[in-house]
Structures are given as C-alpha cells and as structure tokens.
Amino acid sequence: GQQLNQSPQSMFIQEGEDVSMNCTSSSIFNTWLWYKQDPGEGPVLLIALYKAGELTSNGRLTAQFGITRKDSFLNISASIPSDVGIYFCAGLIQGAQKLVFGQGTRLTINP
Amino acid sequence: DGGITQSPKYLFRKEGQNVTLSCEQNLNHDAMYWYRQDPGQGLRLIYYSQIVNDFQKGDIAEGYSVSREKKESFPLTVTSAQKNPTAFYLCASSGTSGISEQFFGPGTRLTVL
C-alpha cells in the first residue's frame with residue numbers, strides 16, 4: 001500500500017529547544033494531519049491541513065502542507081516536558097477512503 | 001461529553017479463543033475504523049465502515065471480523081485465525097468534516113497468553 005516516510009524516527013532534545021519533523025511520500029495528498037500519542041493512549045489530532053502551501057499553528061505547534069503536496073512539516077517551538085510522546089503524520093490521497101500513516105517520531109525531552 | 005469509548009483497557013485471553021473488543025461513539029459520526037498498533041510501529045488499518053450495515057477490509061483484515069449494526073457501535077472480533085493477536089487496538093471515527101479528521105478512542109491492549 002501507500003507509504004509515508006516520517007523522519008526522524010526519534011529525537012532527544014533539551015527542554016526549551018525547537019523541534020522539526022517531516023513526512024514525505026511519492027504520492028500526492030490532498031489532506032495532511034498531525035497527531036500526538038501519549039504512552040498507552042490513543043492519538044490526539046493536533047493540526048489538519050487541506051491546501052498546498054497552507055501554514056497552520058496550534059499554540060507552539062506549526063505545521064505546513066508542502067507546495068508539491070507530497071510532504072508536510074511539523075515544528076514545535078520552545079519544547080516543554082509535556083511535549084514528550086510519539087508524533088504521527090497521516091495523509092489522505094484524493095479519492096481514497098482511508099488515511100495513510102507515517103511510522104511516527106518519538107520525542108524525548110531532557111529537563 | 002462526546003467521545004469514543006473502548007473497553008476494556010486491558011484484555012487477556014488464552015490462545016485459540018475468540019475475543020471481541022468494544023468501540024462506541026456518541027459523536028454522531030458516520031465512519032468508524034479499527035487500527036492495530038505494534039510496539040514502536042505506526043497504525044495499520046484492519047477494517048473500516050462508512051455507513052451502518054456496510055464495512056470494508058483494510059490492509060490487515062485476515063483473522064479479524066467486524067459488524068456495524070448501529071451507527072454508534074463498531075465491535076471488532078479477534079478470531080483464533082489471527083496468528084499474532086497481541087497488540088494495541090485503536091478505534092477511530094470521522095464525521096461531517098470528512099473522512100480525514102479521524103478521532104481516536106483510548107485503545108485496548110490485548111494480550112494473548
């Protein structure tokens with residue numbers, strides 16, 4: 001099936017640092033979503049993107065829908081301990097009935 | 001409060017037994033989904049349903065079965081034919097904003113002994 005390449009797979013940062021992660025694909029998507037999952041819980045939707053070039057913020061989080069429609073980026077500014085978790089990208093190809101998920105980026109923060 | 005509930009949170013079963021995982025939503029969403037997550041892995045789609053009394057296989061449907069008799073409910077049965085059933089199972093739903101914005105339940109961790 002379709003695949004999303006999410007990178008990096010894991011990140012170890014100091015509290016207060018900014019974080020960047022991305023997802024890329026060889027396919028064109030018309031929707032990009034970013035989720036965060038805490039250990040043992042279900043993913044929570046952070047940001048949804050619907051237009052190429054769109055830049056959307058949610059507090060300290062900012063996500064962008066790539067111009068080529070084949071990629072998306074998530075940035076977290078001034079990280080805090082509660083940002084720890086796994087971040088997933090997901091995309092919807094036009095006409096498809098199901099999301100494609102990335103493998104996740106595990107974020108660890110050293111206080 | 002509106003949301004998706006999955007029960008139980010932890011489930012233990014003996015090998016060879018069928019087990020049914022519950023998923024209920026009161027969001028009035030039309031579409032519901034079941035995903036499987038293995039340690040350190042992403043989400044893989046098992047089954048999905050876009051309307052009552054209709055459902056489709058996802059990417060890893062073998063060894064699983066579902067029903068959608070009510071809009072609010074989408075139970076998943078893990079059958080004895082599933083070779084490696086121990087995993088974290090997530091239910092999701094999506095509604096009028098389109099099938100893309102899926103909202104997840106808290107998950108059920110199934111351990112087969």
Side-chain angles (χ1 to χ4, degrees), chain A residues 1-11 21 23-25 28-51 54 56 58 63 65 69 72 85-108, chain B residues 3-11 21 23-25 27 29-51 54-61 87-111:
Chain A
Q2 299 293 335
Q3 287 203 345
L4 287 178
N5 299 311
Q6 186 171 350
S7 66
Q9 288 188 329
S10 60
M11 302 183 73
M21 61 190 76
C23 274
T24 61
S25 175
I28 292 175
F29 288 80
N30 66 353
T31 300
W32 284 97
L33 306 171
W34 284 92
Y35 288 88
K36 177 178 183 257
Q37 185 178 30
D38 290 328
E41 299 296 328
V44 173
L45 182 63
L46 300 173
I47 294 178
L49 303 159
Y50 297 102
K51 270 175 44 174
E54 181 180 355
T56 298
N58 178 5
F65 194 138
R69 297 175 64 192
S72 180
I86 303 176
Y87 292 80
F88 289 101
C89 63
L92 183 68
I93 297 171
Q94 190 164 8
Q97 296 182 330
K98 50 186 182 176
L99 289 176
V100 180
F101 281 84
Q103 293 297 96
T105 295
R106 182 180 296 273
L107 179 62
T108 303
Chain B
I4 304 173
T5 57
Q6 292 185 244
S7 60
K9 182 68 175 176
Y10 300 95
L11 192 54
L21 281 60
C23 178
E24 304 277 333
Q25 55 98 0
L27 300 167
H29 284 172
D30 288 316
M32 298 186 74
Y33 311 81
W34 274 106
Y35 292 90
R36 170 182 172 137
Q37 186 176 32
D38 293 289
Q41 301 293 316
L43 280 63
R44 293 186 290 169
L45 183 64
I46 305 172
Y47 268 98
Y48 63 105
S49 167
Q50 294 194 299
I51 196 168
D54 188 41
F55 48 83
Q56 287 78 39
K57 293 182 179 180
D59 300 316
I60 56 165
F88 190 49
Y89 290 89
L90 287 159
C91 178
S93 69
S94 63
T96 56
S97 59
I99 63 173
S100 58
E101 288 191 24
Q102 294 182 16
F103 297 90
F104 286 84
T108 291
R109 185 167 300 282
L110 173 65
T111 302

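Throughout, a chain's letter reflects where its sequence line sits, starting with A, and its residues are numbered from 1. These numbers were taken from a predicted model, which means no experiment stands behind them. Reckoned from all heavy atoms, side chains included, excluding hydrogens, waters and symmetry mates.
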Counting heavy-atom pairs under 4.5 Å with chain A, the top scorer among Q56(B), K9(B), R109(B) is K9(B)
Is it the side chain or the backbone of Q6(B) that comes within 4.5 Å of chain A heavy atoms, both, or neither?
neither
Bottom line for Q9(A): the part with an atom under 4.5 Å from chain B's heavy atoms is neither
If you take all heavy atoms of A48(A) and E101(B), which pair is closest and at what distance?
CB-OE2, 3.7 Å
Contact class of L43(B) relative to chain A, heavy atoms under 4.5 angstrom
both
Tightest non-hydrogen contact, residues G42(A) and L90(B), listed as CA-CD2, 3.5 Å
Residue among F88(A), F101(A), Y35(A) satisfying ring-ring contact (aromatic ring centres under 6.0 Å, His included) with Y35(B):
F101(A)
Atom OG in S94(B), atom CG in L92(A): separation rounded to 0.5 Å?
9.5 Å
Gap separating the CD atom of E41(A) from the CZ atom of F88(B), nearest 0.5 angstrom
6.5 Å
Smallest heavy-atom separation, K98(A) atom then Y48(B) atom, equals CD-CE2, 4.4 Å
